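All figures in this text were calculated on a predicted structure; none of them were measured in a lab. One-based numbering, in listed order, for ligands and for the atoms of each.
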Amino acid sequence: MRKPIIAGNWKMNKTQTETVELLNRIVENYTDVEVDAVVCVPFTSLSKASELLDNTMIHLGAQNMFYEENGAFTGEVSPNMLKDLGVEYVILGHSERREIFGEEDDLINKKVKTAINHKITPILCVGETLDERESGVYLDKVKTQILNGFAGIDSGDVSKVVVAYEPIWAIGTGKTATSEDANNMCKYIREVIAELYEAKIADNVRIQYGGSVKPENISELMSMSDIDGALVGGASLDSESYLALLNY
Ligand code: PGA
């Protein structure tokens, strides 16, 4: 059985002061849920968030990480730095990192392997652009991202990776993929992982959908056979809507 995982991706939002306000509201109103609840806050909020989430059921995540442990990498943040702050999850290869900051599959693969080695759960993001969807190459695009993302990962570590399928055209646009389209892609990703390893390994991998997920559409998405959770941007920035997502 795959435990559902709902992760908020705050992106570049919330100062430390705003983080305290939002997390206090979330923690005060949190009621027991049957999902892994995660918030991926900006680096500058991790320390405060770590204090506030200590002894709660909400897990802490970061939005990026470098693959080296220390050294001359100006502006980067290492896995040890994240571990030291109690970070349990890290989003890797988000389409905004790929598109705006030029991150490519081999860099992302190094980060995924590093996260596993440091016992931080990587949330590996994949997804196609609108052009790729419309020209019909979307399956190949996502297959390549999965094959490259999992390159060199031992079969025993595969289920430690969470995959997030996020069609780029659905991120922050209000356009959600239909539940069927989203599920078909998540199923396809599972097949690709099964080909690479074996079916029973792929069956244990949690695959999230992301892209304009909101309280109004989450229960239908979560009812699909191969969607095991959601990676949520905009709707995770408000305590009521984040809690509604957890209680879908
Ligand atoms: P969105 O973002 O929910 O605001 O569409 C999702 C994401 O980019 O992770």
Side-chain angles (χ1 to χ4, degrees), residues 4-14 18-19 22 26 35-43 45-46 49 58-65 87-103 108 111-112 115 120-130 132-133 138 141-142 145-146 149 161-179 181-183 185-186 189 206-222 224 227-248:
I5 170 169
I6 297 186
N9 172 12
W10 289 13
K11 308 194 179 184
M12 197 176 72
N13 293 294
K14 305 293 177 190
E18 291 164 343
T19 297
L22 176 53
I26 290 174
V35 302
D36 281 336
V38 184
V39 285
C40 299
V41 307
F43 289 133
S45 291
L46 282 172
I58 298 166
H59 302 276
L60 184 59
Q63 301 171 18
N64 188 21
M65 182 194 80
V87 168
E88 295 171 88
Y89 292 84
V90 62
I91 299 172
L92 296 174
H94 189 279
S95 60
E96 287 148 16
R97 300 290 328 163
R98 293 176 188 261
E99 290 201 320
I100 305 169
F101 302 99
E103 291 197 11
I108 295 160
K111 295 182 178 190
V112 171
I120 301 174
T121 300
I123 300 179
L124 167 64
C125 301
V126 298
E128 80 284 1
T129 62
L130 187 57
E132 289 161 345
R133 165 72 46 174
Y138 57 101
K141 168 68 184 281
V142 170
Q145 289 178 326
I146 291 290
V161 180
V162 173
V163 175
Y165 166 55
E166 299 202 308
I168 295 168
W169 46 272
I171 295 178
T173 57
K175 272 194 196 173
T176 335
T178 64
S179 307
D181 281 347
N183 192 53
M185 183 60 97
C186 292
I189 289 171
R206 296 187 291 177
I207 305 178
Q208 299 175 307
Y209 167 77
S212 299
V213 177
K214 325 179 247 293
E216 300 78 56
N217 58 21
I218 190 160
S219 51
E220 186 178 329
L221 288 160
M222 293 300 291
M224 306 305 286
I227 298 179
D228 308 313
L231 182 58
V232 188
S236 74
L237 292 171
D238 170 84
S239 59
E240 270 182 40
S241 109
Y242 178 69
L243 291 165
L245 293 164
L246 299 184
N247 286 288
Y248 69 90

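- Inter-residue side-chain proximity for Arg98 and Ile168 is flagged as unmet; no heavy-atom pair is nearer than 4.5 Å.
- His94 counts as a contact of ligand 1, since one of its heavy atoms falls under 4.0 Å from the ligand.
- Atoms of ligand 1 found under 4.0 Å from any heavy atom of Gly211 (numbered from 1 in listed order, with element): 5 (O).
- A distance-only check finds no donor-acceptor pair linking the side chain of Tyr89 to the backbone of Ile91 [under 3.5 Å].
- When only interatomic distances are considered, the shortest N/O to N/O separation between Gly210 and ligand 1 does not fall below 3.5 Å.
- Looking at atom 9 (O) of ligand 1, its nearest protein heavy atom turns out to be Glu166 OE2, 2.7 Å.
- Of the protein's heavy atoms, Gly233 N, 2.8 Å lies nearest to atom 3 (O) of ligand 1.
- Of the inter-residue distances, the one linking Ile26 atom CD1 with Asp238 atom CG reads 8.5 Å to the nearest 0.5 angstrom.
- Nearest non-hydrogen protein atom to atom 4 (O) of ligand 1 is Gly234 N, 2.9 Å.
- Those atoms of ligand 1 that come under 4.0 Å of a heavy atom in Gly172, given as number and element, are 1 (P), 4 (O), 5 (O).
- Taking only nitrogen or oxygen atoms, main chain and side chain alike, Thr173 does not reach within less than 3.5 Å of ligand 1.
- The proximity of Asn9 to ligand 1, defined as any non-hydrogen pair under 4.0 Å, is limited to the side chain.
- Using a 4.0 angstrom heavy-atom cutoff, Ala235 does not count as in contact with ligand 1.
- Residue Ala170 touches ligand 1 through its backbone alone, judged by heavy-atom distances below 4.0 Å.
- A heavy-atom distance below 4.5 Å is found between the side chains of Met185 and Tyr138.
- Between Ala115 and Leu92 the shortest heavy-atom distance is CB-CD1, 4.3 Å.
- With no hydrogens or angles considered, no side-chain donor-acceptor pair links Tyr248 and Glu220 at under 3.5 Å.
- The pair Glu128-Lys141 does not count as a salt bridge, with every side-chain nitrogen at least 4.0 angstrom from each carboxylate oxygen.
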